[in-house]
Engineer: 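One structure follows; several queries about it will come next.
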Amino acid sequence: MQSSWNTYIGDAGTRGVSGGERRRVSIGVDIIHGPSLLFLDEPTSGLDSTSAYSVIEKVRDIARSGSTVILTIHQPSSRIQLLLDHMIVLARGQLMYQGSPQNVTLHLSRMGRKVPKGESAIEFLIDVIQEYDQSEFGVDVVAEFARSGRKPPQLTEEEMSVSTAAPTPPPANRGHDWKNNRRLALKASEDSDNGFDRSVRSPYNNTSRSWSASHIGVVHQLRFTPTRQRTDQKAPNPMSSSPGYYTYSSDILPGTPTPHSSDYTVNENDYLTPDVAPKTVQHLGPKFANSIFPEIWILMRRNFKNIRRTPELFLSRLVVLTVMGVMMATMFMNPKISMQGITNRLSFVIFTVCLFFFSSNDAVPAFIQERFIFVRETSHNAYRASTYTIAGLITYLPFLALQAGVYACIVWKALELRGPFYYFFIVLYASLLSTNSFVMFVSSVVPNYILGYAAVIAFTALFFLFCGYFMNSHDIPVYWKWMNKVSTMTYPYEGLLMNQYQTNQTFGYDPNMKPVTGFGILSSLEISTVEFKKWENVIIMIGWAAFYRLCFYIVLRFGSKNKRT
């Protein structure tokens with residue numbers, strides 16, 4: 001509806017569209033790529049009669065357009081019943097009825113039950129099933145009638161507690177002792193008049209049917225159209241001899257209609273393994289609706305739109321880095337040429353590295369919330385996991401650059417930092433990129449944001465411990481040196497110190513009043529004084545970012561499945 005354009009869907013805390021509109025949106029998301037088969041689980045639950053009718057009406061249009069639609073529906077109104085094509089009613093796992101909703105009255109009359117005037121035939125059928133379920137016979141007798149056409153025994157007036165219809169007198173000989181499970185003698189006339197009738201498997205029944213399923217009070221609908229007849233005649237099958245039914249499943253598979261022509265009636269033999277494999281395989285079309293590059297562009301547009309609609313996540317990071325940059329600039333400004341000044345500069349560097357690492361932690365709950373959308377959309381091939389990963393990376397590159405640039409501009413002049421400014425900015429940018437990739441990978445592995453925060457905090461503590469600030473990399477025990485290499489804090493920490501101290505400039509004096517140069521500071525920290533080592537650290541940070549993004553993609557591709565737990 002045009003009145004609902006550009007309206008938020010809404011949630012528990014935000015007012016949005018109505019329940020019927022929200023239900024239609026959820027259905028629209030699933031049909032946007034034209035699925036050949038659509039399952040809907042009670043799409044009318046919680047809706048008023050008007051909204052429910054509107055939803056089912058749209059579902060019928062989807063079925064008419066060529067898709068096969070199977071749905072469950074609870075207590076459909078009489079108007080909705082007219083929209084349904086076929087249905088199956090199940091009770092306690094057994095088939096109670098299969099066919100058109102319009103044939104329910106005829107089915108009940110063959111059982112010896114008359115639908116009261118003004119009452120829904122489907123609801124009356126459910127009442128009858130409940131009556132038998134609560135009786136000594138159970139629903140087995142109704143299932144037997146659906147299978148073979150043998151009429152169930154008539155209930156007494158006391159047992160008919162649900163229905164208001166007058167009971168039909170039971171026949172003199174029921175033909176089967178249901179209570180004792182003993183078969184009695186039958187006459188041919190009684191079989192034809194009282195014992196048998198047209199039912200699901202009866203050879204006398206020529207009514208078209210198709211699949212549906214339900215528990216009592218819940219009806220599954222499957223949309224098919226008229227029965228397709230066989231072109232070649234084979235020996236009749238006693239289990240499937242009604243007109244319009246295929247004898248072997250091998251007759252079905254080669255001629256199964258496409259989604260644009262799903263006018264076919266399903267028979268139970270269709271689910272038997274064919275003796276002969278199909279000779280031809282139909283081409284079902286591409287797996288994905290779009291190619292890779294249009295898919296990346298579409299996902300990027302959606303990401304930018306989501307950021308524009310909910311800027312809190314991005315703005316919160318920017319505000320934090322801005323405020324902390326101002327605090328660092330005012331706290332460590334005008335550095336002194338002394339040992340204390342060197343210590344203050346080292347404290348500023350390690351705090352900056354930790355700040356940039358912690359600023360990405362809020363991505364944990366953001367992705368975990370989005371992961372449910374990803375699983376739902378990729379379950380029916382809306383897009384690829386690879387394009388989702390690439391689009392997410394490209395989307396956040398400019399925002400990460402803005403965060404690093406704002407912080408760098410605030411502290412650079414105030415703290416009189418030396419070295420190229422662009423290298424200082426690149427290190428901060430690469431640090432944000434690698435940290436963000438790491439947090440995204442962790443959030444894709446953990447089941448909820450509580451464990452996600454716990455994992456990120458634990459790894460942050462480990463990376464901080466082994467980055468080289470508390471203990472030089474050469475002094476770390478051999479069996480822990482690998483932690484120094486995998487720590488994503490090691491490389492921005494060393495890179496910022498190289499940019500600051502790769503010079504013979506004096507930064508302080510030792511107790512013996514000897515000048516302490518930048519190269520001397522790096523040598524005491526066991527950090528390389530070679531110029532190109534600075535760029536090696538940047539390359540390693542970018543490599544870690546690519547590695548964690550690849551791990552993130554692998555988890556999404558093979559680990560994030562739409563499974564019930």
Side-chain angles (χ1 to χ4, degrees), residues 5-9 25-26 28-35 286-319 321 356 359-406 425-426 428-445 541-560 562:
W5 286 1
N6 299 321
T7 303
Y8 286 103
I9 300 298
V25 168
S26 64
V29 170
D30 288 330
I31 68 172
I32 196 169
H33 294 289
K287 183 177 181 180
F288 298 96
N290 300 301
S291 58
I292 293 179
F293 292 105
E295 208 167 82
I296 293 175
W297 174 246
I298 293 172
L299 291 173
M300 286 176 56
R301 289 178 55 192
R302 186 177 74 171
N303 290 339
F304 281 115
K305 186 175 293 186
N306 289 336
I307 293 175
R308 179 175 57 83
R309 289 176 175 175
T310 56
E312 295 84 5
L313 181 61
F314 165 71
L315 290 179
S316 63
R317 296 179 186 176
L318 187 60
V319 169
L321 291 176
F356 274 60
S359 66
S360 298
N361 289 3
D362 51 6
V364 174
F367 173 74
I368 289 179
Q369 286 182 338
E370 189 175 336
R371 182 170 58 189
F372 297 105
I373 301 176
F374 169 83
V375 171
R376 185 191 67 189
E377 293 179 341
T378 54
S379 63
H380 49 71
N381 300 326
Y383 47 81
R384 302 166 179 82
S386 58
T387 56
Y388 177 83
T389 304
I390 295 173
L393 174 62
I394 297 175
T395 300
Y396 285 99
L397 285 179
F399 297 102
L400 297 179
L402 179 60
Q403 294 170 14
V406 169
F425 164 75
I426 291 175
L428 295 182
Y429 185 34
S431 176
L432 270 179
L433 184 60
S434 61
T435 302
N436 182 265
S437 300
F438 171 75
V439 173
M440 293 291 287
F441 165 64
V442 172
S443 61
S444 68
V445 175
M541 283 188 286
I542 296 175
W544 276 117
F547 172 76
Y548 286 129
R549 287 286 171 174
L550 178 62
C551 294
F552 174 70
Y553 161 73
I554 293 175
V555 173
L556 292 185
R557 176 65 177 81
F558 301 102
S560 297
N562 194 3

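Bear in mind the structure is a predicted one, so any value in this text is a computation, not a measurement. Index from 1, following the sequence.
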Engineer: What is the distance from atom CD1 of Ile390 to atom CD1 of Ile296, rounded to the nearest 0.5 Å?
Structural biologist: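 Separation between the atoms: 4.5 Å.
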Engineer: Kindly indicate whether the side chain of Tyr429, heavy atoms from C-beta on, has any atom under 4.5 Å from the side chain of Leu397.
Structural biologist: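 Yes. Closest side-chain heavy atoms under 4.5 Å.
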Engineer: Which heavy atom in Thr378 sits nearest to a heavy atom in Val375, and how many Å separate them?
Structural biologist: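 In this case the closest contact between Thr378 and Val375 is OG1-O, 3.4 Å.
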Engineer: Taking the side chain as every heavy atom from C-beta outward, state whether Met300 and Phe304 have any atom pair closer than 4.5 Å.
Structural biologist: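 In contact.
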Engineer: With side chains defined as the heavy atoms from C-beta onward, is the minimum distance between Arg549 and Asn436 less than 4.5 Å?
Structural biologist: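 Sidechains of Asn436 and Arg549: in contact.
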Engineer: Check Tyr383 against Ile373 and note the closest heavy-atom contact, atom names and distance.
Structural biologist: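 Looks like OH-O, 4.3 Å.
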Engineer: Write down the atom of Val439, the atom of Ser360, and the distance for their closest heavy-atom approach.
Structural biologist: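 The answer is CG1-O, 3.4 Å.
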Engineer: Grab the two heavy atoms, one from Phe374 and one from Ala385, that are nearest each other, plus how far apart they are.
Structural biologist: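 Closest approach of Phe374 to Ala385: CZ-CB, 3.9 Å.
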Engineer: Side-chain contact, heavy-atom cut-off 4.5 Å: Phe356 with Leu321?
Structural biologist: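 Phe356 reaches Leu321 side chain to side chain.
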Engineer: Specify whether Trp544 and Phe547 have parallel, tilted or perpendicular ring planes, treating 30° as the upper limit for parallel and 60° as the lower limit for perpendicular.
Structural biologist: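 Because their plane-to-plane angle is over 60°, the rings of Trp544 and Phe547 count as perpendicular.
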Engineer: Mind checking what makes salt bridge (Lys or Arg N to Asp or Glu O under 4.0 Å) contact with Arg317, not counting sequence neighbours?
Structural biologist: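 Residues passing salt bridge (Lys or Arg N to Asp or Glu O under 4.0 Å) with Arg317: Asp362.
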Engineer: Using atom types as modelled and distance alone, determine if a side-chain donor or acceptor of Ser443 lies under 3.5 Å from a backbone N or O of Met440.
Structural biologist: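 Yes, Ser443 side chain to Met440 backbone: donor-acceptor pair under 3.5 Å.
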Engineer: Sub-3.5 Å donor-acceptor pair from the side chain of Ser434 to the main-chain atoms of Ser431, do we have one?
Structural biologist: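 Side chain of Ser434 to backbone of Ser431, a donor-acceptor pair under 3.5 Å: yes, one is there.
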Engineer: Listing request: all side chain to side chain donor-acceptor pair (under 3.5 Å) pairs with a residue in residues 384-401, at least two apart in sequence or in separate chains.
Structural biologist: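 Non-adjacent pairs meeting side chain to side chain donor-acceptor pair (under 3.5 Å): Glu295-Arg384, Glu295-Thr387, Asn303-Thr395, Glu370-Tyr388.
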Engineer: Which atom pair, heavy atoms only, marks the closest approach of Ala391 to Leu299?
Structural biologist: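 Minimum heavy-atom separation between Ala391 and Leu299: CB-CB, 3.6 Å.
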Engineer: Taking the six-membered ring for Trp, are Phe314 and Phe399 parallel (under 30°), tilted (30 to 60°) or perpendicular (over 60°)?
Structural biologist: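 Perpendicular.
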Engineer: Could you check Phe367 against Val442 for side chain to side chain contact (heavy atoms under 4.5 Å, CB included), going step by step and ending with a plain yes or no?
Structural biologist: CA-CA 10 Å; Phe367 173 74; Val442 172; over 6 Å; no
Engineer: Tell me, yes or no, whether the heavy-atom count around Arg302 atom CZ, taken from other residues, nucleotides or ligands under 6.0 Å, exceeds 12.
Structural biologist: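 Atom CZ in Arg302 is packed in, count exceeds 12.
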Engineer: Kindly say whether the aromatic ring centers of Trp297 and Phe293 come within a distance under 6.0 Å.
Structural biologist: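 Aromatic pair excluded; centres sit 6.0 Å or further apart.
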Engineer: What distance separates Gln403 CD from Leu428 CG, expressed to the nearest 0.5 Å?
Structural biologist: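 Here the interatomic distance stands at 11.5 Å.
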Engineer: Search all heavy atoms of Ser444 against all heavy atoms of Val555 and return the closest pair with its distance.
Structural biologist: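 Heavy-atom minimum between the residues: O-CG1, 3.3 Å.
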